[in-house]
**Student:** 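The structure follows.
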Amino acid sequence: MSTNYFLILDFGSQYTQLIARRLREIGFYSEIKRFDLSVDEIKKLNPKGIILSGGPSSVYDHGSPQRELKKLSPIAPLLGVCYGMQLMALEWGGEVKGGTSGEYGHQTIHWKDSLHQNLLGGDQQKVWMSHGDSVVKVPPYFRVTAISDSGSIAAIESDRMMGLQFHAEVAHTEKGSEVLKYFAEKICRAQPDWKTGSMLEKIKVEVLAATSKGGNILCALSGGVDSTVLAQILTQTLGSERVHCMFVDHGLLRKNEAEEVLNIYKKLGLNIRLIKAEEKFLGALAGIDDPEKKRKTIGGLFIDVFKENVRAEWNIAYLAQGTLYPDVIESVSLHGTGVTIKSHHNVGGLPDILPFPLIEPLKFLFKDEVRNLGRELKIPDEFVGRHPFPGPGLAIRVLGAVDKKKLSILQEADAIYIRELKKHDLYHKIWQAMAILLPVRSVGVQGDGRTYSYVLALRAVTSQDGMTADWFDFPSQFLRQVSNQITNQVKDINRVVYDISSKPPSTIEWE
Ligand code: XMP
């Protein structure tokens with residue numbers, strides 16, 4: 001258990017989650033809340049430190065997210081990152097210049113005092129900037145602690161406050177974690193005490209409390225790591241008689257995946273039932289080509305299938321889901337009305353009214369934390385290291401309307417791709433790899449004949465948490481080999497392309 005709690009107030013930055021990640025990595029438990037969380041709520045959380053995230057707005061924009069920071073500073077030390085620092089400077093009487101020109105991308109900054117220089121091993125630091133507004137005059141009682149190469153104020157500090165114009169949380173900032181550690185240890189005087197290991201006991205206690213009124217749990221298994229870890233925790237905590245696991249084979253899984261996963265579930269000793277519902281899902285999806293509609297249809301059907309198959313004698317009182325932290329955050333938008341990028345991740349595809357109250361014990365964890373839990377629970381490494389796979393399965397990798405034929409073309413091609421990745425020792429270097437069947441056909445030539453067949457896209461990305469991602473730079477020999485094998489072995493594909501888009505601006509999945 002952690003005694004330190006760091007609160008991150010989200011002013012809308014795409015990097016807010018990374019602040020939480022970095023803090024946890026260096027041993028400080030942290031959670032993200034909306035920027036306008038009430039002072040009373042904040043006091044109840046008893047934070048050791050409060051971080052004001054960056055955000056896309058200018059502090060001078062009409063309707064930009066703002067709050068009275070002077071009510072927060074008595075509660076705990078404050079760290080303002082980018083937009084957060086600008087708000088801080090304004091509130092305490094400094095000056096912020098609205099963005100006519102800013103700093104974007106890599107910059108070098110110079111720390112002015114020996115304390116920072118010692119911690120960072122020198123006065124220079126390569127950082128990632130992304131700002132239009134700049135602090136041009138520091139408030140009274142603050143001092144400038146770092147200046148950027150282009151002469152702008154890069155960091156400020158007072159006794160209990162710190163402002164960073166750069167994003168210490170992104171991987172492009174060298175030694176960014178050291179800067180966050182400085183805030184946590186030197187300014188907030190906290191000692192690191194968070195590790196995933198602390199989490200297992202905490203989750204078990206929470207599960208016991210959440211289910212203490214009696215009744216049993218229906219745990220939906222997807223074949224992925226998250227739901228498997230969840231089922232294992234529930235089973236260990238409550239016993240297999242109370243935890244009814246249901247694995248719905250919606251026909252949208254990878255080739256042979258249903259049987260493979262089922263065997264693992266059985267080995268783990270889960271109380272598992274396999275429901276074959278391929279026809280139902282494919283029937284409902286027939287002719288639907290809008291990605292959001294596909295997701296919603298699948299989410300709705302999952303619930304229907306659960307309802308149809310639950311038996312009264314199981315005495316089910318809760319539905320358990322392996323929702324993770326990025327799912328929760330990405331599904332909530334800053335202003336409550338903002339844009340939903342994709343209705344997504346376990347949560348978004350489900351209908352509003354569920355037949356049972358939902359319990360989501362993993363919803364404060366990141367993927368790598370769940371993988372660590374999996375290892376602690378002795379789930380085989382081969383399974384824990386599997387690439388993430390979306391709930392709607394291959395339905396969102398057959399672009400446009402899905403049918404049985406297209407699915408089996410994709411399954412064959414995908415199986416070759418994944419097999420080759422493993423053979424070449426590349427699988428574990430990649431966060432996620434997938435084949436995508438495009439809804440276009442192109443002309444080719446095979447043997448002496450002209451073909452008019454499907455185009456397949458391959459995607460492989462590196463990522464830390466699925467929030468941002470970069471395409472994987474394969475040796476060209478590998479791509480050549482996979483492309484040959486796919487076009488030779490899968491009759492309906494005559495062309496293979498490789499996706500070289502990062503996230504953002506693309507997403508990992510194509511739909
Ligand atoms: P995107 O495509 O948004 O995906 O960049 C980020 C990560 O989330 C996974 N993903 C899903 N997982 N249900 C899930 O359980 C979904 O509906 C869903 N959509 C995307 C995706 O595979 C990637 O790991």
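Given the structure is predicted, the values throughout are model-derived calculations rather than measurements. Remember, it's 1-based here, ligands and their atoms both numbered in the order they're listed.
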**Student:** Would you say Ile396 has any N or O atom under 3.5 Å from an N or O of ligand 1, going by distance alone?
**Tutor:**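 It does not: no N or O of Ile396 is found under 3.5 Å from an N or O of ligand 1.
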
**Student:** Which atoms of ligand 1 sit under 4.0 Å from any heavy atom of Gly466?
**Tutor:**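 So the answer, numbered in order with elements, is 6 (C).
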
**Student:** Please list, in number order, the atoms of ligand 1 under 4.0 Å from a heavy atom of Arg295.
**Tutor:**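 Listed by number with element: 16 (C), 17 (O), 18 (C), 19 (N).
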
**Student:** Under the side-chain hydrogen bond (donor to acceptor under 3.5 Å, both in side chains) rule, what pairs show up with a residue in residues 382-399, not counting sequence neighbours?
**Tutor:**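 Passing the test, one end in residues 382-399: Glu257-Arg386, Arg397-Glu509.
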
**Student:** By number and element, which atoms of ligand 1 are closer than 4.0 Å to a non-hydrogen atom of Pro388?
**Tutor:**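 Ligand 1 atoms under the 4.0 Å threshold to Pro388: 24 (O).
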
**Student:** Find the distance between OH (Tyr318) and CG (Asn216) and round it off to the nearest 0.5 Å.
**Tutor:**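 So the OH of Tyr318 and the CG of Asn216 are separated by 9.5 Å.
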
**Student:** Against heavy atoms of Pro392, which atoms of ligand 1 measure under 4.0 Å?
**Tutor:**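 Heavy-atom distances to Pro392 below 4.0 Å select 13 (N), 16 (C), 17 (O).
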
**Student:** Ion pair present between Lys294 and Glu292, side-chain N to carboxylate O less than 4.0 angstrom?
**Tutor:**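 Not counted as a salt bridge, because no side-chain N and carboxylate O are separated by less than 4.0 Å.
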
**Student:** When you check the gap from the basic side-chain N to the acidic O, do Glu169 and Arg21 get nearer than 4.0 Å?
**Tutor:**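 No, no charged N to carboxylate O under 4.0 Å.
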
**Student:** Of Glu509, Lys503, Gln432, which has the heavy atom at the shortest distance from atom 24 (O) of ligand 1?
**Tutor:**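 It is Gln432 whose heavy atom sits nearest to atom 24 (O) of ligand 1.
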
**Student:** If the condition is salt bridge (charged side-chain N to carboxylate O under 4.0 Å, His left out), which residues does Glu279 pass it with, not counting sequence neighbours?
**Tutor:**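 If we apply the salt bridge (charged side-chain N to carboxylate O under 4.0 Å, His left out) test to Glu279, skipping adjacent residues, there are no hits.
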
